[in-house]
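Structure, as structure tokens:
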Amino acid sequence: MFATAAAALLVIMCLALVRAFRGPKIYDRILAVNMFGTKTVLLIAVYGFMTGRPEFLDLGIFYALINFVGVIAALKFIERLDEYDEQEER
Amino acid sequence: MMSSQLPALQVVLPLLGAPFCFLLWRYPRWSWALATLLSWSAFGVAIMLLIQVQNAGTIEYAFGGWQAPWGIEYVVDQLNVLVLLIVSGIAAVVFPYSWTSVQREIDPEQQSLFFTSMLLCLAGLLGITIAGDAFNLFVLLEISSLSTYTMISMGRDRRALTASFQYLIMGTIGATFIIIGVGILYMLTGTLNMQDLATRIPDLGTSRASQVAFGFLITGIGLKLAMFPLHLWLPNAYAYAPSAASAFIAATATKVAVYVMVRYVFSIFGVGFSFETMHIQWLFVPVSVFAILFTSIVALFQRDIKRMLAYSSVAQIGYMLLGIGLVNVTGLSAALLHLFNHALMKGALFLAMGAVCYRIGNTFIDSMHGLGKQMPWTMAAFVVGGLSIVGVPLTTGFVSKWVLIQGAIENGWWPVVAVILVASLIAMLYIWRVVEAAYMKPRPEGAESITEAPASLLIPLWLLAAANIYFGANAQFSMELAQSAAKTLFNSAVVGF
Amino acid sequence: MTPESLLITALVLPLVGGALTLCLSKFQNARDGATIFTALVLLFVIIQLIGTTLSGGTVEWQLFEMLPGLSIEFRIEPLGMMFAGIAALLWPINSLYSVGYMRGNNEDNQTRFYLFFAIAIFGVMGVAFAGNLLTLFIFYEVLTLSTFPLVTHKGNDTALAGGRIYLSILLTTSIGLLLPAIIWTWTVAGTTDFSAGGILYGKISGVPLTILTLLFIFGIGKAAVMPVHRWLPAAMVAPTPVSALLHAVAVVKAGVFSVVKIVVYIIGIDTLSAAPWSSLLWILPGLTIVVASVVAIKQDNLKKRLAYSTIGQLSYVVLGALLIAPLSIKGAALHIVAHAFGKITLFFAAGSIYTSCKKTDVSQLDGIGWRMPFTMTAFTIGAISMIGLPPAAGFISKWYLLMGAFQVEQLVAVMVIITSTLLNTAYFMPVVYAAWFRKESGETILTYGEAPWPVVVALMLTAIITILLFLFPGIPFTLISAIPL
Amino acid sequence: MDSIFTDILAGALGRYNYWVVIVLMMAGFYVVIASTNLVKKIVGLNIFQTSVFIMYISIGKISGGTAPIVWANAELYSNPLPHVLILTAIVVGVATTALGLSLIMRIKHAYGSVEEDEILALSQAEDEDE
Amino acid sequence: MLLCEQQTPRGLNQLPRKKTEMELAVNITLLLMLCATVFAVVKLQSLFAIVMLFGIYSLLSAMIFVALDAVDVAFTEAAVGAGISTVLMLATLVTTGRWKKKPERSGLLPLFVVTITGAALVWGTLDMPEYGNPANPAHHHVADRYIAESPTEIGIPNMVTSVLASYRGFDTLGEVIVVFTALVGVLSLLQVRRPRTFARKQDNRPDTHRRRPYPVLQVVALIMMPFIIVFALYVQFHGDFGPGGGFQAGVIFAVAFILYTLTYGLDDSLALTPLPALKILAAGGVIIYGGTGVVSMLLGGNFLDYNVLAANPVSGQHIGIIVIELGVGITVASVLITVFYAFVTRAERNRAGEKQVDLPNKAD
Amino acid sequence: MQIAVDLVSWLFLSMGMFLGLTGAYGILKFPDFYTRVHAASISDTLCTACFVIGLALQSGFNLVTAKLFMILILLWLTGPAASHALVRAANTAGLKPVTEKKD
């Protein structure tokens with residue numbers, strides 16, 4: 001059960017990763033990273049149950065936090081970039 | 001009770017002094033006074049340790065009361081007490097010097113940060129030297145490296161920033177290589193304690209993994225000690241750092257790295273593994289020969305004397321590696337002796353350049369015309385240091401070259417002897433350029449007249465210059481230390497240290 | 001005073017003299033007086049020491065130990081005593097001459113000149129009394145470095161260029177060849193002390209020994225065996241008293257002295273003669289003698305001619321040492337003395353001519369003998385001594401050299417000595433002839449006479465000593481026969 | 001042949017983790033030395049170091065082990081020592097990164113660029129000016 | 001599958017144990033994702049994308065650490081890599097611009113070096129002990145004692161904390177000093193200043209580019225602040241029992257203020273945590289840690305020997321570990337906050353449109 | 001009883017998986033940024049909830065559950081806020097949604 005869930009989460013993470021690689025805009029990447037982060041949190045939780053030691057959920061809480069701050073920081077700092085251009089990223 | 005705590009105090013004093021120094025950010029003078037006091041006390045501790053080691057042999061100190069290999073231990077033996085002495089001794093001279101020099105080169109707001117960095121660097125270097133634990137060594141290495149990057153970046157030229165960055169990248173690569181090596185060793189032996197490693201590595205035989213670990217450690221340490229051709233960070237770093245920092249780093253940092261190299265090659269991996277399995281001498285000898293010749297020639301063409309001295313440092317490090325590569329007791333003693341002596345001479349030279357910089361604002365050779373008359377004491381000290389680099393008798397450089405050549409002759413390596421001598425001659429040429437500029441060329445017309453550097457710079461400078469002469473004339477003390485350390489290292493193939 | 005304290009005094013006195021000149025730099029007369037006074041005191045001390053040596057006493061003094069078994073120490077032995085004696089005798093004379101010369105030519109930086117002169121004499125004393133190779137090497141380098149400011153005294157570009165050649169050749173050879181030879185010796189023998197019979201006996205043999213010997217010969221660049229002789233003509237940019245010092249008293253004598261000393265006390269004649277090709281070693285100085293003499297003939301500049309003459313004469317000493325015959329070595333030692341006085345006379349004369357009429361070339365000297373009779377008389381005596389004719393000191397030393405060559409049956413060497421004597425005549429006699437027998441060329445209406453009196457007194461003194469040494473060679477002989485061969 | 005093949009296979013199974021980590025390490029190392037952009041260099045350095053950390057932690061892993069925090073029904077704990085070492089190393093890494101990044105900002109300020117070759121050109125011009 | 005797993009009654013500690021194959025699969029997948037990420041980093045030109053991917057890389061490796069039983073390390077790696085480092089890199093990009101100008105230089109020499117190094121390592125692995133084998137030498141000798149004795153010797157269940165704070169306490173002091181050194185370095189390079197002191201005048205860019213407050217974010221941040229701080233305290237003091245400890249707590253604490261700064265601006269944040277206070281705290285944490293060592297010295301033990309701090313060695317260890325973890329937390333939090341402020345100051349200056357080139361030899 | 005709990009939790013987890021996969025598919029396949037945000041943010045929130053509830057059922061009532069719900073609250077709080085900020089930033093920066101179908 002947990003194994004299946006973990007596998008599904010891994011698949012989701014892979015898909016998000018692909019989006020993060022492809023872009024094309026900064027915002028797409030941030031979106032992908034955000035999704036990746038949330039899924040990592042869930043993966044930690046599931047993994048804990050899978051290995052039978054779920055008490056490390058502190059980690060999950062922390063990941064969620066870090067993920068949020070990371071995304072906000074990215075947004076805030078993009079905003080400060082003087083010349084945002086429409087250039088396609090690669 | 002205190003005497004048993006000396007190994008800890010050696011490092012802890014400057015280490016814990018640093019935050020206090022930092023807290024005095026409004027009062028740079030007090031910050032400096034504290035740093036100086038602590039550097040003196042570190043020197044005092046080093047002397048006491050020397051006496052203890054002479055009387056009672058190797059001292060071990062277990063942090064937290066946990067015996068090695070479970071805890072971290074400090075070990076003071078014949079070999080590293082010499083390095084402790086030289087590092088803390090140079091610090092005890094450079095720290096007092098730094099005040100006047102820093103006034104000219106660094107903003108008041110940053111001065112206490114500078115002194116804090118110097119103190120941290122000192123603590124890190126002393127810690128590397130004394131550490132008996134491979135990983136603790138890495139941590140202290142990073143303390144000293146980070147503070148070194150900081151000090152370099154405080155140079156006045158903007159190239160100081162790039163120099164610092166370059167050093168940061170290469171230094172971190174080096175440190176990472178070192179932890180890869182340590183990691184593999186841990187994987188193979190299950191311990192991080194150096195003595196323990198030394199007893200366990202022979203059991204591994206010639207395992208490929210331990211060979212790789214050896215390779216990574218040598219490369220990593222090689223980066224830190226500016227082994228040719230991994231020296232690219234060094235010239236800029238020394239040239240653009242503030243004078244006091246150049247003097248301190250040039251005199252100590254690479255020496256400590258050489259010590260680490262000796263420690264790994266001889267006492268951890270052992271003579272058998274290093275020289276018979278890995279044949280490391282066939283790396284060291286060609287590399288150092290090339291380094292000695294090539295960088296000496298490069299030094300000839302430098303306009304900035306600090307840069308010239310930096311290149312000369314790479315060459316001098318070549319001498320030390322050459323001594324190690326000779327694989328005999330004489331060669332190793334020469335390397336250790338040169339480690340001691342080179343610290344003295346480079347310290348004196350960089351301090352002299354600091355005094356010049358204090359007066360004329362740079363260290364270019366053409367700005368130094370006629371300085372021999374205007375700053376007689378400074379330039380005289382420079383000449384003493386320069387003669388020492390060349391290896392003129394009655395200076396320290398002569399003694400170490402003497403022993404090094406002796407070691408080469410013992411092996412019958414005449415070409416190496418020739419290289420050493422040719423390099424001495426090249427050294428003579430580049431020192432001579434400065435002497436000629438300072439003494440033979442007239443001060444350009446209209447240049448403002450310069451007075452001698454203040455006593456607060458001259459006294460430390462002359463202390464080192466005098467040490468050059470003293471230890472050149474009477475090398476008994478340093479030679480005995482180096483020789484007994486070398487003998488122990490060669491005989492310690494099995495029983496650890 | 002005990003012999004030991006005499007020795008220390010002899011070493012320290014020149015430095016004291018130097019310090020005195022520095023202190024008195026503001027008062028010209030007092031400064032020059034101090035120099036001469038110090039020189040005389042040194043002479044007095046050395047004479048006492050010679051007395052001690054003649055009576056067979058040995059004096060040793062260790063300053064400090066640099067490395068275990070490697071110390072700075074001094075020991076008096078006959079050969080060194082003789083060298084010190086020459087230097088001590090010539091210093092006051094040279095000082096006297098310098099005073100005249102420097103004042104006569106209004107040279108700058110006179111204090112610096114006297115100071116480094118004194119330091120050079122300190123170096124000479126150190127070389128003379130050195131108790132081991134290390135000490136010898138150190139003072140050898142002191143001598144090199146302290147004479148550099150003297151060579152470049154004029155401070156112009158020519159002087160600096162000459163000085164650079166001077167310094168680079170001497171330092172290159174000493175660091176590049178002599179130093180490894182010394183370290184090699186130490187590694188092989190475990191000591192570098194000078195001791196009778198040589199310390200390498202039984203320690204090294206075969207081709208390495210020959211190589212070591214060659215290292216020593218070429219390493220001592222001051223002995224100017226070709227091809228390391230280039231520094232000597234280059235150093236001719238110096239003021240004449242310096243040239244006198246370089247060629248007669250200090251530098252070159254230190255060189256050949258070191259060669260003889262190393263052959264006798266380090267390698268040992270027995271050891272050396274057993275080495276392969278040792279019987280051919282003398283060819284090096286032999287060739288130098290011939291080539292240098294031929295070159296000298298072609299020189300028009302008087303000082304240059306004297307310089308090449310010096311190169312040739314020095315090689316006599318080296319030749320004497322490398323013939324490895326007891327007699328030739330005695331001859332070599334004697335030639336150090338003879339050449340010192342002869343050559344200093346010649347240089348004094350050249351300087352005297354320059355001071356009084358600024359002439360430097362041989363071709364300008366027609367008829368000068370009648371204008372400067374004392375100078376040219378002394379010059380003639382010096383030339384005779386150089387050629388090796390009686391009644392001058394050179395005759396005795398050349399005689400011994402010849403005897404030595406016969407002793408080891410090196411007939412080619414005999415030929416070389418004889419040929420070179422002819423060549424010597426060929427480059428000295430034209431000068432003497434022109435000075436006395438040619439008519440002064442008509443255009444010169446300039447009137448000039450003798451140089452200032454200190455110059456004349458000095459050169460007469462040395463000329464007289466040259467003669468005296470032929471007539472009463474007692475002291476040098478006694479010293480030489482005390483050399484343990 | 002057969003035995004060699006199985007040996008290799010067994011070896012590969014026992015070491016795949018190290019090999020992947022080596023690939024990661026080398027990719028990071030490549031970024032450090034090949035990149036001309038200073039920021040990218042720092043990123044590469046971080047990747048390099050992080051990969052080394054994974055290597056250390058792999059050393060400490062025991063199959064069938066669990067996290068080294070006392071647990072009633074644990075049979076085997078993984079080795080805590082590499083964890084401790086890497087905790088320290090991570091902190092060292094972030095310290096280096098912070099310092100490196102602030103250097104980059106100052107370099108940008110001083111040179112107007114963070115491209116290594118441009119900075120090099122500017123420095124050399126400066127060298128020649130002097 | 002569902003049924004066969006559910007044999008034992010369940011409580012917190014009796015969940016079904018072990019699915020080693022699945023662990024392996026997760027591990028391998030994560031490693032492959034790491035590889036993909038790294039290659040994307042090598043390829044990409046947009047620095048921004050590279051930094052974001054580095055965040056992912058770090059999160060992934062943290063995940064791997066969890067899979068390899070290193071929960072404390074995972075905690076720290078996420079905090080440092082995905083958190084602090086990424087944020088700092090982003091702040092740097094504001095100053096430096098987010099485009100690499102050119103593609104890499106011809107990568108042959110680096111490629112060669114890397115290939116050689118990698119090949120050497122792979123060659124070396126052939127003699128390395130098998131991955132995960134309990135009989136490996138690394139797991140014996142020293143580690144045995146930590147696992148067997150530390151719960152009784154030190155008295156706390158988290159062996160990583162025991163080793164970190166006690167057996168290898170000096171390493172950790174070094175670590176704190178490294179953090180402190182970084183602060184010294186950053187402060188010497190960059191200054192922390194209130195943006196108000198910069199000229200804000202010529203912000204005449206189009207309206208869309210002007211910064212406006214984000215009320216939603218501000219509210220969310222405000223709600224989260226107390227939560228984060230409580231969580232930080234929990235991690236600080238729970239470090240003996242679970243993953244966490246001074247360092248992680250310090251980072252979380254710093255994250256709270258980073259979030260505050262991001263949403264409310266540097267001005268407000270600096271008003272909340274004045275710079276001198278931060279500096280004093282940064283040094284103070286180090287002094288607390290070192291002071292513990294000195295006290296133990298004065299009480300007759302060796303440096304950092306906590307046994308002498310109380311009559312009973314185990315409680316001595318407890319006291320010692322709590323105090324030093326506190327020191328670590330204080331230093332880490334205040335250092336990271338200060339460093340972040342320094343970076344933001346620089347970014348703000350950049351925004352305020354200050355000239356890019358200053359006097360080369362003046363620290364600004 | 002256990003079986004019932006298992007079944008329910010299995011149900012929740014499956015739903016979570018489905019939602020998550022949908023969201024992931026969405027951000028991969030949707031044509032522009034705004035549609036992708038749409039896919040991701042909406043599915044994410046519910047997916048998280050499903051996972052948390054599914055896991056909570058497995059652990060019973062204890063600290064772990066509390067932590068799980070903490071995560072849930074946190075993600076609920078931060079996820080929408082982040083999505084909002086993201087869209088807003090993109091909009092402010094002038095990123096235009098794709099309105100026409102490309103061919």
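Just so we're on the same page: letters track the sequence lines, and every chain starts at 1.
Under the 4.0 Å criterion applied to side-chain N and carboxylate O atoms, F:D32 and A:K25 are not assigned as salt-bridge partners.
Scanning both residues, F:A85 and A:I72, for their nearest heavy atoms gives CB-CD1, 4.5 Å. Minimum heavy-atom separation, F:L68 to A:L57: CG-CD1, 3.6 Å.
Counting heavy-atom pairs under 4.5 Å between each of A:I30, A:L31, A:V11, A:L15 and chain F puts A:L31 at the top. Of the residues considered (A:V71, A:L42, A:V41), A:L42 shows the highest number of contacts with chain F, using heavy-atom pairs under 4.5 Å. When F:A82, F:A90, F:A89, F:G20 are compared by the number of non-hydrogen pairs under 4.5 Å with chain A, F:A90 comes out ahead.
Heavy atoms of F:F18 lying under 4.5 Å from chain A are absent altogether. The parts of A:D28 that come within reach of chain F are both its backbone and its side chain, each placing non-hydrogen atoms under 4.5 angstrom from that chain. Within the 4.5 angstrom heavy-atom criterion, only side-chain atoms of F:F51, from C-beta onward, approach chain A. Proximity to chain A is limited to the side chain of F:L74, based on heavy atoms less than 4.5 angstrom apart. Contacts between A:D58 and chain F at a heavy-atom distance below 4.5 Å involve backbone atoms as well as side-chain atoms. For F:L13, the part lying under 4.5 angstrom from a heavy atom of chain A is the side chain only. No part of F:L77 comes within reach of chain A, as not one of its non-hydrogen atoms sits under 4.5 angstrom from that chain. F:L75 touches chain A through its side chain: at least one heavy atom from C-beta onward sits under 4.5 Å away, while N, CA, C and O do not.
Between the side chains of F:T65 and F:N62, at least one donor-acceptor pair of N or O atoms lies under 3.5 Å.
A:V46 is listed as a side-chain neighbour of A:L9, based on a closest heavy-atom distance under 4.5 Å. Put simply, the side chain of A:F49 reaches to within 4.5 Å of the side chain of F:Q58, judged on heavy atoms.
Looking only at distances, a side-chain donor or acceptor of F:R36 sits under 3.5 Å from a matching main-chain atom of F:P31. At distances below 3.5 Å, at least one donor-acceptor pair connects side-chain atoms of A:R19 with backbone N or O atoms of F:I27.
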